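Have a look at the structure below before the remarks.
Residue numbering restarts at 1 for every chain, and letters A, B, ... go by the order of the sequence lines. Please read these numbers as outputs of a predicted model, since none were measured by experiment.
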There are 2 protein chains.
Amino acid sequence: MMNVLTRKLEAFGPLPDADRLFLDEVIRPVRAVGPRVDLIREGEAPSDVNLILEGFACRYKTIPNGTRQIMAYLVPGDFCDLHVFILKAMDHTIATLSPCTVVKIPRAQILALMERPAIARAFWWAALVDEATLREWLVNVGARKAEHRVAHLLCELLLRLETVGLTNGDTYELPITQAELADTTGLTSVHVNRVLQRLRRDGLITLKGKHLVILDAARLKAFSGFNPNYLHLPEQNGISEQSL
Amino acid sequence: MMNVLTRKLEAFGPLPDADRLFLDEVIRPVRAVGPRVDLIREGEAPSDVNLILEGFACRYKTIPNGTRQIMAYLVPGDFCDLHVFILKAMDHTIATLSPCTVVKIPRAQILALMERPAIARAFWWAALVDEATLREWLVNVGARKAEHRVAHLLCELLLRLETVGLTNGDTYELPITQAELADTTGLTSVHVNRVLQRLRRDGLITLKGKHLVILDAARLKAFSGFNPNYLHLPEQNGISEQSL
DNA sequence: CGTACTATTGATAGATATCAACGCTGGTGG
DNA sequence: CCACCAGCGTTGATATCTATCAATAGTACG
């Protein structure tokens, strides 16, 4: 079974066997981290790069009145901070949401990885996709209404998790509380709850505990105005399953 | 007088004289572009990089119901799309807001620039600051209320324009309509209008036509919860002018 | 089998959007 | 140089959405 990092980077394009072997080396030793643990705090300047192997983490900021905004989800295969080589201090905090397993990759090893052209290109691609995703989140929160925000997020995660093999058809584990969804979408947890009920009532999803089933992916995508172009994945087979 | 690009890049650190001379070459020939003109459209894959020399441009997306979300302002010294070398197609559109003067820098020239270590580092820094700014905009729209959103944006622009020498004390030209501010902040133009009136009534700003005066920068920053760390500028002299 | 989150529900308040009209201003052509 | 026009800014009245507050019900975990 391919590791999540290799799997993610190969979403951009195939890697030489030597690169794959190197990537297998890089992802250890792993470290288990509990839920709701800060990995890097605003103001710090870590020298290593964290990579998520299992579980969900996030970037967030808290504003003076206490409101928290989650600015990104980090799922298996995602790097936390390829930045850090240039900037002096983090301007936000990175924390686990669920229990996670994480690797700390030393700076030197990242540089060694960047020597390999295929990997370097894949790193670039990953960073650009992260930024595009951030833009899409801004659209989500700034322009869409509550139902669409949540639906759009679920569509995005379906594709991202599919890329690293963490879906089962249109089903996946979403180890996130409603309060965390609220901090992500700029809503209240009460309102997120009501939105989820509407999505269930409309036959779009099933969500029980952490177990999400997207009952009609085509309809959920149409409903939320989801356009996957910003994820910059290679052409899919069934580009759009169209309506029905 | 130093050109805006050099000025912006030197906000990160001084450049060798040779680099400066090179940058002077790179920013021509200039091109004048009217307001509200698309420079690059979603779906296209341009081979050149656009640099803004004068005026304001933006990144935006339009969602199916017709709502537009502006995701970034591009001010003099900002690159539009250093990305494009890796990704196949733009996932958003770039357009002028005001009349602009722009340079198209050919791919080859960008690569030549990247050969120079100081410039390459400055480019990296600029790209990372762009991303950090995007995160802050997500916080703005997702977590702050209307008055604070607008005030925060004005504080950010004060610093960004200061960097490239486009302020006069706490005064600058803001060539943006209220409708565009609305598309930026996720509000309605009517509501932006009312917010601006409140900021005026509270003695925080003066805004007549395109001419903005920040009457009490310290208070405006405190009011909006503005923390400049995400712009990653070098230490300022008067780090915080404190209250009054 | 408690205990503490997490999810759910109902009632109400508050913020922001929507709709519609009018006034201003800067630019353009006569 | 003036008069007109179109876009922008402003205002008021009302509708909607989303937040807030508060209580109850589930659920998972030790």
Side-chain angles (χ1 to χ4, degrees), chain A residues 34-37 56 63 65-70 95-99 140-154 173-201 205-212 224, chain B residues 34-37 56 63 65-70 95-99 140-154 173-201 205-212 224:
Chain A
R36 266 143 272 201
V37 173
F56 273 43
I63 66 175
N65 80 24
T67 307
R68 176 170 81 148
Q69 178 67 42
I70 292 178
T96 59
L97 292 166
S98 70
N140 214 26
V141 166
R144 285 192 257 264
K145 35 191 197 154
E147 271 85 0
H148 297 167
R149 284 185 211 177
V150 175
H152 192 280
L153 182 63
L154 298 180
E173 298 305 309
L174 183 69
I176 300 280
T177 70
Q178 293 182 0
E180 288 159 346
L181 281 175
D183 288 347
T184 304
T185 51
L187 301 169
T188 288
S189 69
V190 172
H191 202 235
V192 165
N193 182 282
R194 290 180 169 135
V195 163
L196 288 172
Q197 290 179 52
R198 249 166 288 174
L199 295 179
R200 283 191 273 243
R201 194 177 321 130
I205 65 166
T206 271
L207 177 58
K208 211 156 172 50
K210 307 304 183 199
H211 190 70
L212 175 73
S224 63
Chain B
R36 265 144 272 199
V37 173
F56 274 43
I63 65 173
N65 80 26
T67 307
R68 175 170 82 149
Q69 179 68 41
I70 292 177
T96 59
L97 291 167
S98 69
N140 214 26
V141 167
R144 287 192 257 262
K145 38 189 193 155
E147 271 83 0
H148 296 168
R149 284 185 211 176
V150 175
H152 193 280
L153 182 62
L154 298 179
E173 298 306 308
L174 183 69
I176 299 280
T177 70
Q178 293 182 2
E180 288 159 346
L181 281 174
D183 288 347
T184 304
T185 51
L187 301 169
T188 286
S189 68
V190 172
H191 202 237
V192 165
N193 181 282
R194 290 178 170 135
V195 163
L196 288 173
Q197 291 180 51
R198 249 167 287 173
L199 295 180
R200 283 191 273 240
R201 195 177 318 130
I205 65 167
T206 270
L207 176 57
K208 214 159 169 46
K210 306 305 184 199
H211 190 70
L212 175 74
S224 63

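Judged by closest nucleotide on DNA chain C, A:R194 is the one of B:V192 and A:R194 placed further toward the 5' end.
If you take CG of A:L174 and P of C:dA7, they are 10 Å apart, rounded to a whole angstrom. C:dT6 atom P lies 7 Å from atom NZ of A:K210, rounded to whole Å. For B:Q178 and C:dA17, the CD to C1' distance is 16 Å, given to the nearest whole Å. Per the geometry, NZ belonging to B:K208 stands 12 Å off P belonging to D:dG9, to the nearest Å. Whole-Å rounding puts the B:H211 NE2 to D:dG9 P distance at 16 Å. Note: NE2 (A:H191) to P (D:dC21) measures 16 Å, nearest angstrom. The nearest whole Å value for the distance from the CG atom in A:N65 to the P atom in C:dA15 is 13 Å. Residue B:R144 contributes atom CZ, which lies 14 Å from atom P of C:dT16 at whole-angstrom precision.
In terms of phosphate contacts, B:N193 brings a side-chain nitrogen or oxygen within less than 4.0 Å of OP1 or OP2 of D:dT10. For D:dC8, one of the phosphate oxygens OP1 or OP2 lies less than 4.0 angstrom from a side-chain nitrogen or oxygen of B:R36. Contact between the side-chain N/O atoms of A:Q197 and the OP1/OP2 oxygens of C:dA7 is not found at any separation under 4.0 Å.
A:T177 comes within contact range of the sugar-phosphate backbone alone, with a heavy-atom separation under 4.0 Å but no base atom that close. Among the heavy atoms of the strands lying under 4.0 Å from B:R200 are primed sugar atoms or P, OP1, OP2 only; no base atom is included. A:R198 comes within 4.0 angstrom of nothing in the nucleic acid, heavy atoms only. Nucleic acid contact for B:R149: none, since no nucleic acid atom lies under 4.0 Å from a heavy atom of the residue. Among the atoms of the strands shown, only primed sugar atoms or phosphate atoms (P, OP1, OP2) are found under 4.0 Å from some heavy atom of B:L187.
Rounding to the nearest 0.5 Å gives a distance of 11.0 Å between CD of A:E180 and OG of A:S189. Going from atom CG of B:L199 over to atom CG of B:L207 covers 9.5 Å, rounded to the nearest 0.5 Å.
A donor-acceptor pair under 3.5 Å links the side-chain atoms of A:Q69 to the main chain of A:T184, judged by distance alone. A donor-acceptor pair under 3.5 Å is formed between the side chain of B:R149 and the backbone N or O of B:R144.
When distances are taken from the side chain of B:V190 to each of C:dT9, D:dG12, D:dA19, the shortest belongs to D:dG12.
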